[in-house]
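In what follows, every heavy atom counts, from backbone to side chain, and hydrogens, waters and symmetry copies are set aside. Throughout, residue positions are numbered sequentially from 1 according to the sequence presented.
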Amino acid sequence: MFMKRVLFFIFISLFLIMSPAMAKTLSKVAAIVNDEIITTYQLDKNIETALARNPDKNQLTAEQFKDMRAQVLNKMVDDRLLKQRIKELDLQVADTELNGAIEDVQIKNGLTREELEQALTSQGMSFASYQQQIKDEILRYKLMSREVNYKVLVTSREVRSYYDNHIDEYKVIPKIRVNRISYEMPADNEEQIAALRKQIEVTRDLLLQGEDFDKVLEGQGRSVSGGDMGELVEADLAEPLQLALADLEPGEVSPPLELNGQLHLFQVTARTGDAEDPFLRVKDEIEEKLRQDKTDRRFKEWQQELRDNAYVEIKS
């Protein structure tokens with residue numbers, strides 16, 4: 001191993017003292033990562049890609065460009081270390097795995113193989129390059145599963161503790177969905193008012209018996225208005241309406257309620273946020289968040305360990 005590294009540095013030295021013309025052709029050394037080099041040509045290509053993704057690329061100051069260049073090079077070093085670790089562990093991707101992953105992409109996007117290849121070509125990527133990209137992603141996933149993910153554990157106590165400490169973020173505002181039928185009140189005509197109240201009771205009975213709301217509304221005549229009021233925040237409703245709806249379950253109908261010169265029937269069609277246990281509703285979401293946070297932290301630690309145990313020299 002010692003002799004191999006000596007020969008490697010002899011090669012690097014020769015590479016660096018070549019004639020200017022040869023050096024320009026072959027590029028320079030941007031970084032050394034164990035027994036491999038990253039050239040300035042490779043770095044420049046990656047910088048081009050990074051700039052293409054940056055909408056403010058023409059507004060970067062010299063200092064900002066310098067920072068971006070350093071970030072790109074550091075990422076290239078980290079990627080090279082990952083690939084070296086994959087090679088060291090002899091991780092492999094079987095053809096069946098690769099083909100299965102590509103088929104999953106096709107199925108999710110509703111594409112045939114020919115359509116996928118055409119889409120890649122339109123983006124300037126060959127199918128072979130796409131296969132290699134997918135293969136690299138699978139290898140990275142296998143590496144993370146082996147080196148990082150298996151050490152990440154989220155306990156039920158941690159989930160509950162996070163919920164208790166962030167309970168305001170997970171409060172559910174009770175909402176109610178309501179249908180409405182509204183009748184104009186006759187002016188000072190007791191006989192008409194009595195007839196109207198009788199009509200309303202018949203209508204209410206039909207709704208309570210499960211008759212279709214739209215059909216019932218349609219049968220009331222043109223002078224009657226109503227429909228789906230949508231999902232409402234119960235606490236925002238006028239107090240008389242809150243009281244009328246307070247104890248109603250979905251399917252139930254309020255007694256006639258007089259408001260603003262009209263008689264109304266309100267039918268509750270749905271409620272959210274009352275009976276549902278808010279912790280059970282968000283438990284899986286919190287667990288996934290904690291797992292992702294732990295995974296991110298562990299990955300950064302592992303990545304630093306990988307770098308600490310490697311020979312890395314930044315030259316450009």
Legend entry - Derivation and outcome, side-chain contact (heavy atoms from CB on, under 4.5 Å), residues Glu63 and Asp67: CA-CA 6 Å; Glu63 191 64 29; Asp67 290 342; 4.0 Å; yes
Inset, instruction - Give a yes or no on whether the backbone of Tyr141 and the side-chain of Ser145 come within a donor-acceptor separation of less than 3.5 Å. - result: yes
Inset, instruction - Report yes or no: does Gln64 contribute a side-chain atom to a donor-acceptor pair with the main-chain N or O of Thr61 at less than 3.5 Å? - result: yes
Legend entry - ILVMFWY network linking Trp302 to Leu91, side-chain heavy atoms under 4.5 angstrom: yes
Legend entry - Main-chain N/O of Glu117 paired to Thr121 side chain as donor or acceptor, under 3.5 Å: yes
Legend entry - N/O donor-acceptor pair under 3.5 Å between Glu234 side chain and Ile176 backbone: no
Inset, instruction - Indicate yes or no: does Arg140 engage Asp136 in a salt bridge with an N to O separation below 4.0 Å. - result: no
Legend entry - Interatomic distance, Ile286 atom CD1 to Glu169 atom CD [nearest 0.5 angstrom]: 9.0 Å
Legend entry - Output field: ring centroids Tyr162/His166 closer than 6.0 Å: yes
Inset, instruction - May I ask you to decide if Phe266's main-chain N or O and Ser254's side chain share a donor-acceptor pair within less than 3.5 Å? - result: yes
Legend entry - Gap between atom CD of Glu313 and atom CD1 of Ile37 - 0.5 Å precision: 12.0 Å
Inset, instruction - Check for a donor-acceptor pair, side chain of Arg271 on one end and backbone N or O of Arg177 on the other, with a separation under 3.5 Å. - result: no
Legend entry - Donor-acceptor pair, side chain of Asp228 and main chain of Gly230, under 3.5 angstrom: yes
Inset, instruction - Begin with the C-alpha distance, continue with both residues' side-chain angles, and end with the deciding distance and a verdict on salt bridge (charged side-chain N to carboxylate O under 4.0 Å, His left out) for Lys198 and Glu201. - result: CA-CA 5 Å; Lys198 186 174 181 180; Glu201 287 301 328; over 6 Å; no
Inset, instruction - State plainly whether the residues Arg298 and Glu301 are in salt-bridge range, i.e. N to O under 4.0 Å. - result: yes
Inset, instruction - Before accepting this row, confirm whether a basic side-chain N of the pair Asp79/Lys83 lies closer than 4.0 Å to the acidic partner's carboxylate O. - result: no
Legend entry - salt_bridge(Glu147, Lys142) N-O dist < 4.0 Å: no
Inset, instruction - Determine whether Leu248 and Val216 fall in the same hydrophobic cluster, where Ile, Leu, Val, Met, Phe, Trp and Tyr are linked whenever their side-chain heavy atoms lie under 4.5 Å apart. - result: no
Legend entry - Cation-aromatic face contact Arg160/Phe279, 6.0 Å, 45 degrees: yes
